[in-house]
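Okay, so here's the structure we're looking at.
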Amino acid sequence: MAKTWWYVIAAVAALALVVAAAQVLGAPAGRQAATSTIAPQVAEETFTTHTFPNADTTGVPPGTPLTEVVGDQTFAEDGEVVEGRVFYGFVVVTARNVTFRKCVFRGGPTQDVRPLLDTEHARGTVVEDSEFHPTHPSPSIDGIWAAHTRIYRSEFRGTVDGVKAHTGTLVQDSWIHDLSWFASDPDQGGEPTHNDGVQAFAEQSGVTLRHNTIDLSTTRDPNAAVQSSADELRVEGNYLDGGACVVNIDHTPLGRPLTGQRVTGNRFGRNSAHDCPILLSTQSQLQATEGNVWHDTGDPLPAPEQHD
């Protein structure tokens with residue numbers, strides 16, 4: 001009897017091996033993983049572990065020695081490297097190739113509309129591992145007005161706009177959040193502030209925003225994470241959230257179509273006031289749009305809204 005059961009067990013095992021072999025031979029090469037539990041695990045991991053700039057990766061590294069500088073400052077010497085300063089005053093750059101490393105920009109009291117750092121009339125400015133947060137927040141103070149400037153691993157908070165971007169501005173690996181809202185802004189004719197994470201202007205070109213966290217869900221009644229009327233705009237691989245619409249591309253200040261608009265590979269939060277990730281004006285077209293998804297699910301975004 002024991003011998004008979006041994007034959008039965010051996011026959012069942014052989015049949016199982018035949019079925020397994022048939023499944024393997026019948027499946028196209030490289031496809032077995034797609035039918036296993038591995039694929040859902042990989043997809044979920046992609047959605048949950050995608051990291052963006054935050055408090056741990058932006059700003060002045062902990063333990064950095066800092067020297068206080070009091071009063072407004074102008075940097076007019078080409079090639080100067082400025083490191084480890086806290087500026088209690090407003091900073092203007094007029095020279096070429098000035099670099100700020102591990103600096104904190106705090107500004108001071110002012111009635112004038114101005115930024116903590118102004119590089120509009122300079123060339124080749126670089127800002128690395130720095131922080132922008134005003135000592136005296138007001139409707140008059142922005143983070144930086146930038147042209148021909150590269151900004152890396154920096155944090156912006158407490159200003160009205162984070163970055164006002166002109167031609168040749170790059171913002172990369174940075175964190176813009178918790179901007180300051182005011183009920184009355186002289187620059188808006190006494191209306192509330194018009195907070196933007198980054199605003200790129202008409203008649204400007206070549207603004208690039210790459211792998212940043214621009215989160216205006218942390219700001220009361222914001223306008224947009226990205227507001228732009230610039231040509232050749234690139235918004236690539238960012239986390240974006242907040243605003244009436246999160247990204248607002250508007251040709252109307254120019255009165256002509258915008259060129260070279262690329263919004264690709266970004267992950268969007270769901271906190272826009274009008275459930276609107278991207279808004280295009282009627283003469284704005286996206287030259288490239290691939291890879292934009294909802295951050296929480298990885299699902300593709302709906303088509304952009306389009307109106308003036």
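Keep in mind that the numbers below use all heavy atoms, side chains included, and drop hydrogens, waters and symmetry copies.
Under a 3.5 Å cut-off, the side chain of D250 and the backbone N or O of T252 do form a donor-acceptor pair. Proximity of a side-chain donor or acceptor of D118 to a complementary backbone N or O of E120 within less than 3.5 Å is detected. At distances below 3.5 Å, not a single donor-acceptor pair connects side-chain atoms of Q172 with backbone N or O atoms of L170. Although no hydrogens or angles enter the test, the distance criterion places no donor-acceptor pair under 3.5 Å between the side chain of D142 and the main chain of K164. Checked by atom type and distance alone, the side chain of D185 never pairs as donor or acceptor with a backbone atom of P192 at under 3.5 Å. Judged by distance alone, the side chain of N292 and the main-chain N or O of N266 form a donor-acceptor pair under 3.5 Å. Here the side chain of S154 pairs a donor or acceptor atom with the backbone of Y152 at under 3.5 angstrom. Side-chain atoms of S184 come within 3.5 Å of backbone N or O of G190 as a donor-acceptor pair. When atom types are taken as modelled, the side chain of S229 and the backbone of A202 share no donor-acceptor pair closer than 3.5 angstrom. Checking side-chain atoms of Q261 against main-chain N and O of T259 turns up a donor-acceptor pair under 3.5 Å.
Side chains of D173 and H211: a donor-acceptor N/O pair is present below 3.5 angstrom, by distance only. In summary, the side chains of T264 and E236 do not present any donor paired with an acceptor at a separation below 3.5 Å, with no hydrogens or angles considered. N195 and T193 are linked by a side-chain donor-acceptor pair at a separation below 3.5 angstrom, with hydrogens and angles left out of the test. Residues N223 and D196 have side chains that bring a donor and an acceptor to within less than 3.5 angstrom of each other.
Checked against salt bridge (charged side-chain N to carboxylate O under 4.0 Å, His left out), R150 has no partners two or more places apart in sequence or in another chain.
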For this session: For ring-ring contact (aromatic ring centres under 6.0 Å, His included), just list the numbers for F105 and F90, CA-CA rounded to whole Å, side-chain angles, deciding distance to a tenth of an Å, and then say yes or no.
Result: CA-CA 8 Å; F105 298 88; F90 296 92; over 10 Å; no
For this session: Dump the intermediate steps for ring-ring contact (aromatic ring centres under 6.0 Å, His included) on Y239 and F268, then the final yes or no.
Result: CA-CA 6 Å; Y239 175 80; F268 284 73; 8.5 Å; no
Exercise. Stepwise, does the salt bridge (Lys or Arg N to Asp or Glu O under 4.0 Å) test hold for D231 with R256?
Worked result: CA-CA 11 Å; D231 290 315; R256 62 160 176 81; 2.6 Å; yes
Exercise. R114 and D72: salt bridge (Lys or Arg N to Asp or Glu O under 4.0 Å), yes or no, with the steps?
Worked result: CA-CA 12 Å; R114 63 191 309 185; D72 294 350; 3.8 Å; yes
For this session: For the pair D241 and L216, evaluate side-chain contact (heavy atoms from CB on, under 4.5 Å) and give the outcome as yes or no after the intermediate values.
Result: CA-CA 6 Å; D241 199 6; L216 265 66; over 6 Å; no
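The residues K102 and D129 are annotated as not salt-bridged, no charged nitrogen and carboxylate oxygen being separated by less than 4.0 angstrom. By the 4.0 Å N-to-carboxylate-O rule, R270 lies too far from D275 to be salt-bridged with it. A salt bridge does not link D178 with R220: none of the charged nitrogens is closer than 4.0 Å to a carboxylate oxygen. A salt bridge links E232 with R262: the distance from a Lys NZ or Arg NE/NH1/NH2 to an Asp or Glu carboxylate oxygen falls below 4.0 Å.
Between F52 and R267 the shortest side-chain heavy-atom distance falls below 4.5 Å. In this structure, V198 and I214 have side chains that are in contact, with non-hydrogen atoms separated by less than 4.5 Å. Residues V91 and L116 form no side-chain contact, since every pair of their non-hydrogen atoms from C-beta on lies 4.5 Å or further apart. Between V226 and N248, every side-chain heavy-atom pair lies at or beyond the 4.5 Å cut-off. Residues W294 and P302 have side chains in contact (heavy-atom distance under 4.5 Å, counting atoms from C-beta outward). Counting heavy atoms from C-beta outward, V235 and L240 have side chains that approach closer than 4.5 Å. Q285 places a side-chain heavy atom less than 4.5 Å from the side chain of Q306. Between T74 and T94, the closest side-chain pair of non-hydrogen atoms falls below 4.5 Å.
For residues 180-203, the pairs satisfying ring-ring contact (aromatic ring centres under 6.0 Å, His included) are H166-F201, with sequence neighbours left out.
Crowding of H274 atom NE2: a count of heavy atoms from other residues, nucleotides or ligands under 6.0 Å not exceeding 12.
Scanning all heavy atoms of the two residues, the minimum distance from S272 to C245 falls at CB-CA, 4.3 Å. Closest non-hydrogen pair, T58 versus P53, comes out as CG2-CB, 3.8 Å. Taking both residues in full, the closest heavy atoms of L254 and E203 are given as CD2-OE2, 3.3 Å, listed atom of the first, atom of the second, then distance. Closest heavy-atom contact between H251 and T282: CE1-OG1, 3.7 Å. Shortest non-hydrogen contact noted between V86 and R106 is CG1-CG, 3.9 Å. Considering every non-hydrogen atom in both V160 and L179, the closest pair reads O-CD1, 3.4 Å.
No continuous path of hydrophobic side-chain contacts links V60 to F132 [ILVMFWY only; heavy atoms under 4.5 Å]. Note on V263 and L279: separate hydrophobic clusters, where clusters join Ile, Leu, Val, Met, Phe, Trp and Tyr whose side-chain heavy atoms are under 4.5 Å apart, directly or indirectly. Under a hydrophobic-cluster definition in which Ile, Leu, Val, Met, Phe, Trp and Tyr are linked whenever side-chain heavy atoms come within less than 4.5 Å, directly or via other members, L258 and L233 are assigned to the same cluster. By the rule that hydrophobic residues join a cluster once side-chain heavy atoms approach within less than 4.5 Å of another member, L66 and V69 end up as members of separate clusters. By the rule that hydrophobic residues join a cluster once side-chain heavy atoms approach within less than 4.5 Å of another member, F75 and I144 end up as members of one cluster.
The CH2 atom of W145 lies 13.5 Å from the OG1 atom of T169; values are rounded to the nearest 0.5 Å.
Relative ring orientation between F87 and F100 is described as perpendicular, the plane-to-plane angle rising above 60° on a 0-90° scale split at 30° and 60°.
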